[in-house]
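Contents: one structure, followed by commentary.
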Amino acid sequence: KTVLGPTSAHQRHRILSAIDGLSTEGATNAAAGLKLGYALASQGFRKGGFNRVVLCSDGVANVGITGAGGILETVARERARGITISTIGVGMGNYNDVMLEQLADKGNGNYYYVDQLDEARRVFVDNLTGTLQVIAKDVKVQVEFDPTLVARYRLIGYENRALSKRDFANDRVDAGEIGAGHSVTALYEVKLARTNGDLGKLRIRFKRPTGSRSELIEHQLPSSVIRSAFDSASSPTQLSHVAATFGEKLRGSYWVRNVSYDEILGMYDQLSSSIKSDERIAELGKLIRKAKSLDSRGDKFEREMPLAMMDFDRVPVLR
């Protein structure tokens, strides 16, 4: 149901009163809610403006159209009309992270999970422009390593964002969006065959917010970007390394089975004081310590390949 129709932000008290009057009523009819949201967005549609639906939900559709297919078709159709969508995940337990991420991907928007008030403040206050304003759409990143210099490589994460090589230049294939003020970090783990020469090429394709054809940016990756040790890397790179190692540890990755929580905390402690003064980075440190106290899992790879015989060139496949 419509609690409040399109209303100017100048009418602050009216908007806050409508929000304060909201309450849970049981079932979730996501499809009907989105249909109503898109209808309201259509009423206030501005050509060339930011026309965005924001869905706050646990992503569990249990009334009406409950399958992802039908809902995604609606989102794709509205995206073609110029109305995009951002999804805000809330709740715990019976929570559908996949559905909300798919909706944001299909609707040329972004997806956040809000678990506490501070995170809500970051999304809706500090980063509001980035939440609502897309500056580049269908952004694709391709790294082509020189096989004579890089013997092996591994992209850390992004498993659900992988594209085939032929899809990189295909403008009909959907990709990710970048909001104002946002940055994206991709980490590769590489094994070098030699250290002189260029690592390879970095290519980025993107469409302008109102464009339909992609543009290409291409840069060489000189071997001079490699740092010999953690201590010699820049502060943002060190932070990315800590966060990625922690993430790999949480998922029980083969690649960090020889890295302890104490070692991750040691790297965290080496971060500059200016970086650790950020509330989000301080929270990362607390999470690493919390995980250390809770994680009692054994090494699932030990039977197939004991730690003492660990081989980074031969990863065991658990069945």
Side-chain angles (χ1 to χ4, degrees), residues 9 12 16 54 56 86-92 95 97 100-101 104 109-136 139 141 155-158 161 176-190 202 204 221 224-253 255-256 258-295:
R12 174 189 177 93
L16 291 177
V54 179
C56 300
S86 285
T87 55
I88 312 296
V90 293
M92 297 178 67
Y95 177 73
D97 175 84
L100 292 171
E101 186 176 17
N110 31 36
Y111 162 58
Y112 303 92
Y113 176 64
V114 172
D115 60 344
Q116 55 186 339
L117 187 60
D118 285 343
E119 184 63 22
R121 185 176 292 110
R122 280 196 285 269
V123 172
F124 290 111
V125 180
D126 301 340
N127 301 325
L128 180 63
T129 303
T131 301
L132 298 180
Q133 181 180 355
V134 170
I135 60 170
V139 180
V141 179
L155 175 61
I156 301 175
Y158 291 96
R161 299 297 183 111
E177 278 61 50
I178 302 295
H182 287 180
S183 61
V184 177
T185 301
L187 294 177
Y188 283 87
E189 187 174 77
V190 299
L202 166 68
I204 300 174
L221 292 174
S224 60
V225 301
I226 299 174
R227 298 293 176 264
S228 59
F230 180 84
D231 295 347
S232 59
S234 66
S235 293
T237 300
Q238 289 179 339
L239 174 60
S240 297
H241 184 80
V242 171
T245 306
F246 180 43
E248 289 274 85
K249 189 71 175 175
L250 288 177
R251 73 190 303 191
S253 170
W255 304 96
V256 295
N258 61 337
V259 180
S260 68
Y261 282 107
D262 284 331
E263 289 175 291
I264 299 174
L265 284 169
M267 291 188 292
Y268 174 83
D269 290 338
Q270 290 183 59
L271 298 176
S272 67
S273 55
S274 60
I275 279 188
K276 287 190 288 188
S277 64
D278 186 305
E279 291 181 2
R280 296 168 296 175
I281 312 307
E283 183 182 10
L284 173 62
K286 293 177 182 177
L287 289 172
I288 297 172
R289 293 182 177 88
K290 185 70 171 179
K292 176 188 173 183
S293 69
L294 294 174
D295 194 351

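By convention here, the first residue in the shown sequence is residue 1.
- Residues passing the side-chain contact (heavy atoms from CB on, under 4.5 Å) test with Glu119, sequence neighbours excluded: Val114, Asp115, Gln116, Arg122, Val123.
- The closest donor-acceptor contact from the side chain of Lys276 to the backbone of Ile281 lies at 3.5 Å or more, if one exists at all.
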inquiry  = Quick one, Leu239 with Leu284, criterion side-chain contact (heavy atoms from CB on, under 4.5 Å). Give me CA distance, side-chain angles, the key distance, then yes/no.
reply    = CA-CA 10 Å; Leu239 174 60; Leu284 173 62; 4.0 Å; yes
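- The line from CG of Asp295 to CD1 of Ile288 is 13.0 Å long, rounded to the nearest 0.5 Å.
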request  = Please step through side-chain contact (heavy atoms from CB on, under 4.5 Å) for the pair Phe246 and Tyr261, ending with a clear verdict.
outcome  = CA-CA 8 Å; Phe246 180 43; Tyr261 282 107; 4.1 Å; yes
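- Between Ala104 and Thr87, the shortest heavy-atom distance links the atoms CB-OG1, 3.6 Å.
- Put simply, the side chain of Ser253 never gets that close to the backbone of Glu248: no donor and acceptor are under 3.5 Å apart.
- Counting only distance, with no hydrogens or angles, the side chain of Lys249 and the backbone of Val259 share a donor-acceptor pair below 3.5 Å.
- Counting only distance, with no hydrogens or angles, the side chain of Ser240 and the backbone of Pro236 share a donor-acceptor pair below 3.5 Å.
- In this structure, CD1 in Ile156 is found 8.0 Å from NE2 in His241, a value given to the nearest 0.5 Å.
- Considering every non-hydrogen atom in both Ala186 and Leu155, the closest pair reads CB-CD1, 4.4 Å.
- The distance from atom OG of Ser86 to atom CD of Glu177, rounded to the nearest 0.5 Å, is 9.5 Å.
- Listed here is the closest heavy atom pair of Leu187 and Ala244: CD1-CB, 3.3 Å.
- Proximity of a side-chain donor or acceptor of Gln238 to a complementary backbone N or O of Phe230 within less than 3.5 Å is detected.
- When only modelled atom types and interatomic distance are considered, Ser234 and Thr237 share a side-chain donor-acceptor pair under 3.5 Å.
- Residues Ile88 and Phe124 meet the side-chain proximity criterion, which asks for heavy atoms closer than 4.5 Å.
- In this structure, Arg289 contributes its side chain and Gly285 its backbone to a donor-acceptor pair below 3.5 Å.
- The OH atom of Tyr268 sits 10.0 Å away from the CD1 atom of Ile275 when rounded to the nearest 0.5 Å.
- Under the side-chain contact (heavy atoms from CB on, under 4.5 Å) criterion, Lys290 pairs with Ser293, Leu294, not counting sequence neighbours.
- Between atom CD1 of residue Ile264 and atom CG of residue Asp269 there is a gap of 12.0 Å, rounded to the nearest 0.5 Å.
- Here CG of Asn110 is found 5.5 Å from NE2 of His182. Values are rounded to the nearest 0.5 Å.
- Checked for salt-bridge contact, Asp126 and Arg121 miss the test: no charged N lies under 4.0 Å from a carboxylate O.
- In this structure Arg12 satisfies the side-chain contact (heavy atoms from CB on, under 4.5 Å) test together with Leu16, sequence neighbours excluded.
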